[in-house]
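Below is one structure, written out as structure tokens, with a few remarks after it.
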There are 2 protein chains.
Amino acid sequence: MNFKIDNLQYCNWSREIFQINKQAGLDAIHVTIVYHEDFDELKTVLKNWENHFSENSDLIFHGKSFKDIEKAKSENKTAVFFGFQNCSPIEDDIGLVEKVYDLGCRFMQLTYNNQSLLATGCYEAIDSGVTNFGKEVIKEMNRLGLVIDMSHSAEKSTIDAIEISEKPIAITHANPSFWHPAKRNKSNELLKILSKHKGMLGLSLYPHHLKDGTDCSLESFCEMTAKTAEIMGVEKIGIGSDLCLNQPDTIVEWMRNGTWTKSKNYGEGSKNKPGFPKQPDWFLDARGFENLEIGLKKVGFSESEVNGILGNNWYNFYKEMNQ
Amino acid sequence: MNFKIDNLQYCNWSREIFQINKQAGLDAIHVTIVYHEDFDELKTVLKNWENHFSENSDLIFHGKSFKDIEKAKSENKTAVFFGFQNCSPIEDDIGLVEKVYDLGCRFMQLTYNNQSLLATGCYEAIDSGVTNFGKEVIKEMNRLGLVIDMSHSAEKSTIDAIEISEKPIAITHANPSFWHPAKRNKSNELLKILSKHKGMLGLSLYPHHLKDGTDCSLESFCEMTAKTAEIMGVEKIGIGSDLCLNQPDTIVEWMRNGTWTKSKNYGEGSKNKPGFPKQPDWFLDARGFENLEIGLKKVGFSESEVNGILGNNWYNFYKEMNQ
């Protein structure tokens, strides 16, 4: 059986988007439900998701283990897995790790772009690695089955997390920096270590992570995928599109600035391009998976390898994590 | 006019202790009101302090500027200045810096022993210095007149804070590491930079910071003070006793473990000595200032230098900060 999984979306959720994802054939998505929200704010967000699930029960349900991906496939729905892009919801309290897991959350970035209490983000000048508290939290995440996501973390912190964690970790949405040297993209060295420890890379379709940005060609993306497969092994690669459909520009401003600065910070953007960038025309939404399928075959991947990249590899990762 | 100031106490507060401080002739104390408490918890602590002030109005009042030290002297009371030993009360929100200032807080450590969102604590393996958020918070603390305290911070972070801050910073309670190489004590290099930027060092009387611990002699402490004066200049030295009178051992356990670990951490203590250590017999409480006066004169300090160390130097620092 083949599964299609987009392992990172942060859309302005609506029935329309759930329908698009289903048209795209997605059996599972990992969605960002919070960035900088604390534990109480997380609970408010979860209530909104309860509404999404009850109002769109013909399309989606809350996914908690790999079995829910199988269930989604058989019921023609999309299983929605929850994740955080920062560790703010656990505040400074190790006890909250179990609580967020019990609330059905399955992925947590140890950092967003800045230093967190756990590790260093990719926008800090110096990277001190996983902290004392970070080591304790990794132990706890391992115990529970909460996936460590290092998409926005700095290099040493990411390598530390890979090596400290007793379970494979994920970089849910980033590309290799050999292709496009964004701060968020990852070095070959790091990708090799990730792969050696059975971790997964979700390739991103967010223009700031793409060579030539919005103008990136499907061919260029698929050639990069082929080179990445040479580095990591094709079975360690998936898709984490980082789609932010229908989000207003105020959201990307909030993602970058949170409440940590009084002056404006543009992160991956710039003063002239402060908002969300446009998607490449071959990946306007998840229906672009179809173009990826064609493009990946064109650069020489076999059908089974393409199916791996488009979902089966993530399915196997979930299977190992949630058992 | 001469002032006596103890620039760090964290006692289990009671009328008895306020009386002892007054007997010791203290015109001002800087007290730790929180360690790991968040903003809401801080507000609860402040309510308790309102009770202390109303029940002991003949002995203490809330100090907010150097003028309150003068007022305390003339009214034969002790002005109590509030400080935090961690940055937890500002959570991840730059807007809370002004709020804690408005609530009458005047000192904040950027870190306790671990990594914070602002900088690195002295118990972390690697010290990445002041973070992106830390730089923003320092700007805000400077603007308001909230003193940066780096007593529990790691070396590079402390030097960063000294150099980034436009106002002098304080190390309210620590000793030089040439005398006793505790992780909490400070290198000569750091002390020189601190002094160059008009910062102050409050010498600690907490046994874990003393050569020979509880058995440390008054003579040894005063000789260390003389050598420190050679490094920093005598006018940059004060006292920050770190007295924790009448605190139960559960408190030191909470200070060290907060909510960041499930296993036990002993910090400056050890499994065999987990609790509060005994004070040296010549500094059982603030009345030990009298012994210090004698001891400091004995090692060759002039009367005016001794008065500086026992309070006037801190008074001058407050004057510069709060004007």
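Naming: A, B, ... by sequence-line order, numbering from 1 per chain. Heavy-atom basis, side chains included; hydrogens, waters and symmetry copies ignored.
- His36(A) and Tyr112(A) have their aromatic ring centers within a separation under 6.0 angstrom.
- By number of non-hydrogen pairs under 4.5 angstrom with chain B, the leading residue of Asp38(A), Asn114(A), Thr131(A), Thr120(A) is Thr131(A).
- Within 6.0 Å of the CD atom in Glu189(A), the count of heavy atoms belonging to other residues, nucleotides or ligands does not exceed 12.
- Between chain B and the options Thr261(A), Ile90(A), Asp127(A), heavy-atom pairs under 4.5 Å are most frequent for Thr261(A).
- Side-chain contact, Ser116(B) with Thr111(B): no donor N or O sits under 3.5 Å from an acceptor N or O.
- Using modelled atom types and a 3.5 Å distance limit, the side chains of Ser153(A) and Thr158(A) yield no donor-acceptor pair.
- Per-residue heavy-atom pair counts under 4.5 Å with chain A were compared for Asp92(B), Asn132(B), Asn265(B), and the maximum is reached by Asn132(B).
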